[in-house]
**Q** 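The structure's right below; bear with me while I get my questions together.
The figures that follow rest on heavy atoms only: side chains count, while hydrogens, waters and symmetry mates do not.
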Amino acid sequence: MSVARRISLGFLAATVLALVLADLSAPRPDPWMTLAAIGQGILHPDLSDPLSLLNGAVLTLAFALCGVGLGAVAGLVLAPLYHLGPVRFLCVAIRALHELFWALLLMNITGLSPLTGVLAIGLPYAGIFAKVLSEYLDEAGRGGEQALPAGLGAVTRLVWVRYPAVLPQMAAYTLYRLECGMRSSAVLGFIGLPTLGFQLETWFRQAEYDRAVVVLAVFFLLILPIRHWARWRLMPVYLLASVWALLRVEVPPMGSGALARFLSDIVPAPLRSGADWTGWLDRVFVQQAWPGVVDTLVLGQLALVLAGGLAALAFPMIVPRVAGRLGAILGHGALVLLRSTPEYMLAFVFLQILGPSMLPAVLALGLHNGAIIAHLMGRQAATLPLRPDAPRGLTLWGWELFPRLMGNFRALCLYRWEIILRESAIMGVLGLGTLGFYVQTNVAELRLDRVMALLLVTVALTLAVDALSRRLRGRLQPDSRLRIEGTRGQG
């Protein structure tokens with residue numbers, strides 16, 4: 001039996017087990033009533049408070065620009081040192097936690113302030129930038145360095161040769177990261193920061209769908225044309241304006257000694273009080289971490305399968321030879337909307353329609369990540385050389401494009417697996433039983449020692465799945481190195 005077939009059977013068995021363990025009941029008695037109300041909101045949008053919408057849009061953009069800027073600068077400094085074990089471990093650890101988890105943790109030090117949002121985006125993005133930029137630097141041509149005088153130091157070569165050689169790739173990738181940062185910024189509104197996500201949650205919970213759909217429309221108007229307004233010559237102006245906007249945000253008082261209290265509270269309770277470890281370990285790892293890990297894995301597995309199925313069916317939508325010119329334009333628009341909408345925001349909307357279960361999160365993660373995979377596969381399919389007499393339509397998809405892209409399809413799904421798992425963990429903040437649920441519960445109870453333990457479990461789980469994913473990708477494509485993250489934003 002081939003390696004690919006063994007891996008596929010393993011994922012099939014895992015999916016069957018996940019279906020057995022998952023709660024997909026969707027108990028909302030009449031979702032059509034909610035959908036009808038949302039439809040009425042779409043037909044009759046409420047534009048009565050434009051200043052509030054403008055303020056939310058400006059702050060959403062400000063958090064994203066400052067957070068991504070911080071991450072990019074930190075990544076630029078760390079990238080040349082990424083080959084060092086401690087630096088690489090630090091970068092891997094900070095990017096393994098979702099921005100929402102960082103925000104929940106940082107709120108205990110910096111409160112509900114702009115600094116919390118900027119750091120929540122900047123810290124994980126610093127690890128991501130360091131990894132991607134280090135790969136760019138490693139691949140930079142050595143010819144230019146060899147032509148320089150032998151006496152030049154490593155810093156001079158780095159600043160004047162290697163950085164300029166990868167400047168176009170770095171600029172394109174930073175623009176892609178800004179798009180991701182805007183999604184993260186919107187999601188941070190769900191924990192109280194004054195972005196568009198805060199307004200969306202408020203209006204949805206109050207069933208004021210005419211206002212909620214306007215908030216969604218403003219977010220799309222902000223993120224969809226990003227490549228038109230995000231001009232590099234204007235970035236200094238954008239950053240200065242963002243800092244000014246964030247400095248004007250009113251911050252609730254935290255009181256003195258927040259950092260000292262935080263450092264004390266994250267020490268496990270048995271160490272602080274001398275109590276027995278048995279109860280603490282049972283409470284954290286048996287009653288919380290274990291069911292949280294199981295639900296996170298179950299949700300991630302089902303979302304991965306849905307994303308893969310959607311991608312396999314949807315990527316021909318953007319290939320003109322399959323869907324036609326008009327169909328490719330419409331398909332591209334649909335995929336752009338799905339991949340531009342934050343998965344957490346999608347899950348929240350589905351939760352209002354379907355009720356509390358894993359189904360809203362599975363749908364949100366599957367649609368968002370499936371759109372990303374379909375977009376990447378569609379771009380690859382468009383560049384494949386075809387025979388002059390090659391068929392068109394579904395015949396081309398089923399008999400030539402998909403079989404030829406099967407290896408890349410598997411690799412892309414495995415690559416998104418770690419990302420889907422990271423996103424599955426935060427779905428607990430919406431009330432599902434994943435790790436995020438227990439993290440948020442302990443944050444609310446100010447049990448920060450348990451929060452830290454659960455976050456370490458989250459990091460370990462993410463790293464384990466990432467390592468397994470890389471190993472499986474290596475077995476599927478032993479002679480090539482798939483680098484998706486570093487290619488985003490290009491082309």
**Q** Looking at E418 and R422, is there a salt bridge between them, counting it only when a charged N and a carboxylate O are closer than 4.0 Å?
**A** no
**Q** Is there a donor in the side chain of T383 and an acceptor in the side chain of R379, or the other way round, less than 3.5 Å apart?
**A**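 On atom types as modelled, these side chains do not qualify, holding no pair under 3.5 Å.
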**Q** Look at the aromatic rings of H332 and H375 and report parallel, tilted or perpendicular, splitting at 30° and 60°.
**A**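 Geometry flag for H375 against H332: tilted rings.
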**Q** Hey, mind stepping through L178 and Y173 against side chain to side chain contact (heavy atoms under 4.5 Å, CB included) and telling me if it holds?
**A** CA-CA 9 Å; L178 178 59; Y173 183 71; over 6 Å; no
**Q** Looking at F402 versus F409, is the centre-to-centre ring distance below 6.0 Å?
**A** yes
**Q** Between the side chain of W102 and the main-chain N/O of I94, is any donor-acceptor distance below 3.5 Å?
**A** yes
**Q** Tell me the closest heavy-atom pair linking A347 and A361, and the distance in Å.
**A**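 Closest heavy-atom pair between A347 and A361: CB-CA, 4.1 Å.
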**Q** Enter the distance from L123:CG to F101:CZ here, rounded to the nearest 0.5 Å.
**A**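 With rounding to 0.5 Å, CG (L123) is 15.5 Å from CZ (F101).
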**Q** Could you tell me if the side chain of L414 sits less than 4.5 Å from the side chain of L468, heavy atoms only?
**A**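 Counting from C-beta outward, L468 and L414 never come under 4.5 Å.
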**Q** Restricting to non-hydrogen atoms, name the atom on L105 and the atom on M452 that form the minimum distance, rounded to 0.1 Å.
**A**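 Shortest heavy-atom contact: CD1-SD, 3.7 Å.
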**Q** For the residue pair W280 and W277, categorise the inter-ring angle as parallel (less than 30°), tilted (30 to 60°) or perpendicular (more than 60°).
**A**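 Perpendicular: the ring planes of W280 and W277 meet at over 60°.
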**Q** If you take all heavy atoms of L222 and A57, which pair is closest and at what distance?
**A**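 So the minimum-distance heavy-atom pair works out to CD2-O, 3.7 Å.
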**Q** When you look at CZ of F89, are more than 12 heavy atoms from neighbouring residues, nucleotides or ligands closer to it than 6.0 Å?
**A**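 Open: at most 12 neighbouring heavy atoms sit under 6.0 Å from CZ of F89.
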**Q** Has T195 got a side-chain atom pairing as donor or acceptor with L59's backbone, closer than 3.5 angstrom?
**A** no
**Q** Can you name the closest pair of heavy atoms from P342 and V187 and give their distance?
**A**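 For P342 and V187, the tightest heavy-atom pair comes out as CB-CG2, 3.5 Å.
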**Q** If you round to the nearest 0.5 Å, how far is CD of Q169 from CG of L137?
**A**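 Nearest 0.5 Å value for the CG-CD distance: 9.5 Å.
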**Q** Is the centre of the W417 ring less than 6.0 Å from the centre of the F11 ring?
**A** yes
**Q** Do other residues, nucleotides or ligands put more than 12 heavy atoms under 6.0 Å from E250 CD?
**A** no
**Q** Do H98 side-chain atoms and A425 backbone N/O form a donor-acceptor pair below 3.5 Å?
**A**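 No; zero donor-acceptor contacts below 3.5 Å.
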**Q** Report the distance from atom CZ of F219 to atom OG1 of T60, rounding to the nearest 0.5 Å.
**A** 7.5 Å
**Q** M427 versus T296: any side-chain heavy-atom pair under 4.5 Å?
**A** no
**Q** For a 4.5 angstrom cut-off between non-hydrogen side-chain atoms, does M182 reach I226?
**A** yes
**Q** Once rounded to the nearest 0.5 Å, what's the spacing between atom CG of N369 and atom CG of L310?
**A**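 Rounded to the nearest 0.5 Å, the CG-CG separation comes to 10.0 Å.
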**Q** Calculate, to the nearest 0.5 Å, the distance between atoms CG and CG belonging to L405 and L376 respectively.
**A** 11.5 Å
**Q** Tell me, with the steps shown, if D295 and M358 meet side chain to side chain contact (heavy atoms under 4.5 Å, CB included).
**A** CA-CA 9 Å; D295 278 3; M358 277 191 183; 3.7 Å; yes
**Q** Any chance you could measure L365, atom CG, to Y344, atom OH, to the nearest 0.5 Å?
**A** 12.0 Å
**Q** Side-chain contact test, heavy atoms from C-beta onward, threshold under 4.5 Å: evaluate it for I121 versus L188 and give yes or no.
**A** yes
**Q** Can you confirm whether R248 is buried at CZ, in the sense that more than 12 heavy atoms of other residues, nucleotides or ligands lie under 6.0 Å from that atom?
**A** no
**Q** Test F190 against F348 for ring-ring contact (aromatic ring centres under 6.0 Å, His included), laying out the working first.
**A** CA-CA 10 Å; F190 284 81; F348 175 78; 5.2 Å; yes
**Q** Any sub-3.5 Å donor-acceptor pair from R339's side-chain atoms to I372's backbone N or O?
**A** no
**Q** Between the side chain of S134 and the main-chain N/O of P80, is any donor-acceptor distance below 3.5 Å?
**A**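 Checking the backbone N and O of P80 against the side chain of S134, no donor-acceptor pair under 3.5 Å is found.
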**Q** Can any side-chain N or O of Y125 pair as donor or acceptor with the backbone N or O of G181 at less than 3.5 Å?
**A** yes
**Q** Determine the minimum heavy-atom distance between L435 and T458, stating which atoms define it.
**A**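 That would be CD1-OG1, 3.5 Å.
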**Q** Within the distance-only criterion (no hydrogens, no angle test), does the side chain of R447 pair as donor or acceptor with the backbone N or O of N442 below 3.5 angstrom?
**A**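 No; judged by distance alone, with no hydrogens or angles, the pair does not exist.
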**Q** Please report the closest heavy-atom contact between I420 and L304, naming both atoms and the distance.
**A**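 What the structure gives for the nearest pair is CD1-CA, 3.8 Å.
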**Q** Between T116 and T110, is a side chain to side chain donor-acceptor pair (under 3.5 Å) present by the stated rule, with each step listed?
**A** CA-CA 6 Å; T116 297; T110 53; 2.4 Å; yes
**Q** Got a donor-acceptor contact below 3.5 angstrom from the T202 side chain to the F198 backbone?
**A** yes
**Q** Compare all side-chain heavy atoms of M235 with those of L65 and state whether any distance is below 4.5 angstrom.
**A** yes
**Q** Answer yes or no: is there a side-chain heavy-atom contact under 4.5 Å between D265 and L446?
**A**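 Side-chain contact under 4.5 Å: no.
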**Q** Would you say the side chain of Y238 lies within less than 4.5 Å of the side chain of L61, judging by non-hydrogen atoms?
**A** no
**Q** Take L297 and V293 through the side chain to side chain contact (heavy atoms under 4.5 Å, CB included) test and state the conclusion after the steps.
**A** CA-CA 6 Å; L297 288 171; V293 166; 3.9 Å; yes
**Q** Charged N to carboxylate O below 4.0 Å: is that the case for R272 and D449?
**A**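 Here R272 pairs with D449 in a salt bridge, since their nearest N and O are under 4.0 Å apart.
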**Q** Got R183 and M345 here, is their nearest side-chain heavy-atom distance under 4.5 Å?
**A** no
